[in-house]
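One-based numbering along the sequence shown.
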Amino acid sequence: MTLARAMQDYVEQMGLQQLEGSVATRLPGVRFFRASRGNPRQPLTYQSGLLIMGQGHKIIHLGEQQVAYGPDSYLVVGVPLPLECEAHCSPEEPILGLAVDIDAQSLHRLVEQLFPPESPMEPCRSIECGLSSVNLSPPLLGACERLLGALTCESEASILGPGILQEILYRVLTGPNGYVLLELARHDGHYARIARVLGRIHRDYA
């Protein structure tokens with residue numbers, strides 16, 4: 001089964017055929033999004049977290065940088081980012097995807113296990129904006145498909161869902177863009193400080 005097929009099955013089982021936008025799932029911090037109409041380049045704010053695309057294509061413009069992502073790819077967004085986005089899809093093949101919040105406690109536990117205090121942490125590369133598209137590895141793709149299956153059942157979502165989310169976080173943390181999450185876990189790091197400031201601005205803009 002492809003991720004697009006798994007997302008299409010989720011739409012049918014949850015009755016989301018008319019959804020335009022995003023909706024909460026049975027797991028806190030996980031949202032499903034669908035759009036049957038594309039849009040030209042327009043301003044948008046991406047919240048921090050994981051964006052996993054199953055179907056459709058988007059192009060993100062951040063200053064002079066362009067990031068294209070589509071089926072079976074994901075983004076790791078470390079901090080809220082104001083950008084411009086264009087979307088390409090059709091009623092026959094709508095955009096389908098998942099947005100997953102990063103749980104700080106789970107992230108810190110994983111980082112402590114992967115990089116215990118007695119061992120040096122992996123050096124972080126220079127981060128310009130923390131935004132690039134990565135193809136889903138087979139293990140991460142399988143975890144996403146299992147998550148979608150669990151989200152259709154209340155008991156599976158509550159019992160199996162947290163473990164699957166933990167696996168997804170692990171796969172991303174050990175993947176090509178894991179350095180974004182690793183830097184966020186460093187409380188005193190430059191990137192983590194920026195994330196805290198931006199989070200405060202979004203929570204209490206007034």
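- Considering only heavy atoms from C-beta on, L75 stays 4.5 Å or farther from S132 through its side chain.
- What you find for G78 and V180 is that their closest heavy atoms are CA-CG1, 3.7 Å.
- Residues A150 and I164 approach most closely at CB-CD1, 4.1 Å, considering heavy atoms.
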Quiz prompt | Full working for side-chain contact (heavy atoms from CB on, under 4.5 Å) between L110 and Q166 | solution = CA-CA 9 Å; L110 278 175; Q166 183 84 346; 3.8 Å; yes
Self-check item: Verdict with supporting geometry, V67 and L62, side-chain contact (heavy atoms from CB on, under 4.5 Å)
Solution: CA-CA 8 Å; V67 179; L62 184 62; over 6 Å; no
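- In this structure, K58 satisfies the cation-pi test against F33, with its NZ or CZ atom closer than 6.0 Å to the six-membered ring centre and inside 45 degrees of the ring normal.
- A heavy-atom distance below 4.5 Å is found between the side chains of S36 and E20.
- The distance from atom CG of L160 to atom SG of C153, rounded to the nearest 0.5 Å, is 8.5 Å.
- N39 contributes a side-chain N or O that, together with a main-chain N or O of C85, makes up a donor-acceptor pair within less than 3.5 Å.
- If you take CG on L50 and CG on L140, they are separated by 8.5 Å, rounding to the nearest 0.5 Å.
- Annotation: the span from L148 atom CG to Q13 atom CD amounts to 10.0 Å, rounded to 0.5 Å.
- Considering Q8, E93, R5 in turn, Q8 is the only one that fulfils the side-chain hydrogen bond (donor to acceptor under 3.5 Å, both in side chains) rule with Q55.
- Nearest heavy-atom pair, L51 versus A99, reported as atom, atom and distance to 0.1 Å: CD2-CB, 3.8 Å.
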Self-check item: Step-by-step side-chain contact (heavy atoms from CB on, under 4.5 Å) determination, V30 to L165
Solution: CA-CA 9 Å; V30 180; L165 282 181; 3.9 Å; yes
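- Rounding to the nearest 0.5 Å gives a distance of 10.0 Å between OH of Y46 and CG of L81.
- A pairwise comparison of heavy atoms in S133 and A68 identifies CB-O, 3.4 Å as the closest pair.
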Self-check item: Test log, rule side-chain contact (heavy atoms from CB on, under 4.5 Å), inputs V172 and N177
Solution: CA-CA 7 Å; V172 173; N177 272 7; 5.6 Å; no
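- In terms of heavy atoms, I102 sits closest to G49 at CG1-CA, 3.9 Å.
- Separation of atoms CG (L151) and CZ (R26) is listed at 8.5 Å; rounding is to 0.5 Å.
- Looking at heavy atoms from C-beta onward, T45 lies out of side-chain contact with L83 at the 4.5 angstrom threshold.
- Taking 4.5 Å as the limit, some side-chain heavy atom of L169 sits within range of a side-chain heavy atom of L181.
- Counting only heavy atoms from C-beta outward, the side chains of L27 and L147 approach each other to under 4.5 Å.
- Dense packing is recorded around OH of Y69, with more than 12 heavy atoms of other residues, nucleotides or ligands lying under 6.0 Å away.
- Here D9 contributes atom CG and M14 contributes atom CE; the two are 13.0 Å apart, rounded to the nearest 0.5 Å.
- Counting all heavy atoms, side chain and backbone alike, M7 lies closest to I52 at CE-O, 3.9 Å.
- In this structure, the side chain of S22 does not engage the main chain of F32 through any donor-acceptor pair within 3.5 Å.
- M53 is listed as a side-chain neighbour of I95, based on a closest heavy-atom distance under 4.5 Å.
- Two residues are said to be in side-chain contact when any heavy atoms from C-beta on lie closer than 4.5 Å; Q66 and I59 meet this criterion.
- Checked by atom type and distance alone, the side chain of R34 pairs as donor or acceptor with a backbone atom of Q17 at under 3.5 Å.
- A side-chain N or O of S106 and one of R109 form a donor-acceptor pair less than 3.5 Å apart.
- When side chains are defined from C-beta on, R146 counts as touching E167, because their heavy atoms get closer than 4.5 Å.
- Annotation for Q18: atom CD does not count as buried by contact number, only 12 or fewer foreign heavy atoms lying within 6.0 Å.
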